[in-house]
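As structure tokens, the structure follows; a few thoughts come after it.
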Amino acid sequence: MNKLRLAHIYAAHLNIYGDRGNVISLVRRAAAHGLTLEVEDINIAEPEKLFSDFDILFIGGGQDKQQELVAADMLTRRNELADCIEAGTAMLAICGGYQLLGHYYQNSAGEKTSGLGIIDVVTEAAPEHAGAEGIKKLDRLIGNVVAELLVELSPENSFKGDLNTLVGFENHSGRTKFSSAQVSPLARVVRGHGNNAEDGFEGANYRNLFCSYLHGSLLPKNPHLSDELIIRALKARQPQALELFTKTAAENKLELAAHKKALSLRA
Ligand code: GLN
């Protein structure tokens with residue numbers, strides 16, 4: 001049975017700038033490699049849908065308000081999610097979802113939303129300030145991003161040695177900083193802002209958890225990362241299906257053309 005299951009966590013609230021495209025991309029990449037990827041949304045007050053029943057977990061980004069709305073429910077499921085990540089479940093977390101896996105997200109008004117503290121990072125927005133004519137101004141980090149991938153791709157990943165850049169679009173006020181070496185950066189910024197527009201890194205990696213500030217959505221233009229998530233999911237939960245994945249070569253023309261185009265875009 002070559003079937004994988006993906007949970008789109010808080011799909012109703014955390015899903016902006018095309019983040020659902022990451023789920024569609026994983027379904028397509030799995031099919032291109034002979035596998036079926038079933039998708040289920042897990043929203044607020046659905047504790048009966050266990051994270052441990054899924055091979056891949058995905059959480060998208062959201063406006064401050066959306067993050068506040070899911071935070072309380074997310075905290076009740078902290079240990080369940082931490083156990084999955086420690087056990088090696090493959091997970092992708094984008095922007096606002098990434099921030100809530102850290103200790104907290106502080107918005108530009110200085111208000112804190114508690115995070116899960118599963119990854120040792122904190123996120124703070126630049127304080128709002130009065131712009132021209134006293135209009136409230138927020139310093140958001142917005143634009144096209146190109147970054148050099150720092151995570152090593154698996155030997156089974158057909159892009160290994162070929163594709164080592166990440167491309168996408170960012171739009172966030174939060175600046176994420178690592179509090180220890182528990183997490184390592186996903187990529188090094190070549191163009192754009194990344195985690196905090198200071199340390200030159202984009203995203204984070206811990207075990208099979210990949211976090212990124214890149215929207216657009218991220219995966220359709222970065223097929224090497226889609227394949228890496230699927231490979232890690234198979235290794236962690238269905239190693240018997242890995243052979244099928246590797247021997248079924250996927251068509252990559254469109255994805256590679258989109259990646260190449262994004263490399264040429266201005267910041
Ligand atoms: N609300 C958060 C911020 O502004 C996350 C935004 C997002 O997910 N794009 O930083």
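Atoms within each ligand, like the ligands themselves, are counted from 1 in listed order. Not measured: the values here are computed from a predicted model.
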contact_flag [X] ligand 1 heavy-atom lt 4.0 Å:
| X | result |
| --- | --- |
| Gln66 | no |
| Tyr98 | no |
| Tyr105 | yes |
| Gln99 | yes |

Taking distance alone, with no angle check, do [X] and ligand 1 share an N/O pair under 3.5 Å?
| X | value |
| --- | --- |
| Cys95 | no |
| Asp64 | yes |
| Ser173 | yes |

Counting only heavy atoms, which portion of Gln63 has something under 4.0 Å from ligand 1: side chain, backbone, both, or neither? backbone
Heavy atom under 4.0 Å from ligand 1: found in Asn171's side chain, backbone, both, or neither? backbone
More than 12 heavy atoms of other residues, nucleotides or ligands under 6.0 Å from NZ of Lys49: is that the case? yes
Gly96 heavy atoms, cut-off 4.0 Å: which ligand 1 atoms fall inside? 5 (C), 7 (C), 8 (O)
Numbering as shown, the atoms of ligand 1 that approach Arg140 to under 4.0 Å (heavy-atom distance): 4 (O)
Parallel, tilted or perpendicular: which describes the rings of His33 and Phe245, with under 30° parallel and over 60° perpendicular? parallel
Atom pair CG (Leu229) and OG (Ser154), whose distance is rounded to the nearest 0.5 Å: 10.0 Å
Of Gly61, Gly62, Gly174, which has the heavy atom at the shortest distance from atom 5 (C) of ligand 1? Gly62
Using heavy-atom distances only, which candidate in Gln67, His172, Lys65 approaches atom 2 (C) of ligand 1 most closely? Gln67
Does the ring center of Tyr213 lie less than 6.0 Å from the ring center of His172? yes
Take Arg5 and Glu38 through the salt bridge (charged side-chain N to carboxylate O under 4.0 Å, His left out) test and state the conclusion after the steps. CA-CA 5 Å; Arg5 300 188 68 213; Glu38 267 184 13; 3.7 Å; yes
Please give me the minimum heavy-atom distance between Ile118 and Gln182, naming the atom from each residue. O-NE2, 3.0 Å
Side-chain donor-acceptor contact under 3.5 Å, Asn144 with Arg191: no
Any donor-acceptor pair under 3.5 Å linking the side-chain atoms of His259 with those of Asn222? yes
Report the C-alpha distance between His8 and Phe58 in whole Å, list the side-chain angles of each, state the deciding distance to 0.1 Å, and finish with yes or no for ring pair (Phe, Tyr, Trp, His ring centres under 6.0 Å). CA-CA 5 Å; His8 186 172; Phe58 171 70; 4.9 Å; yes
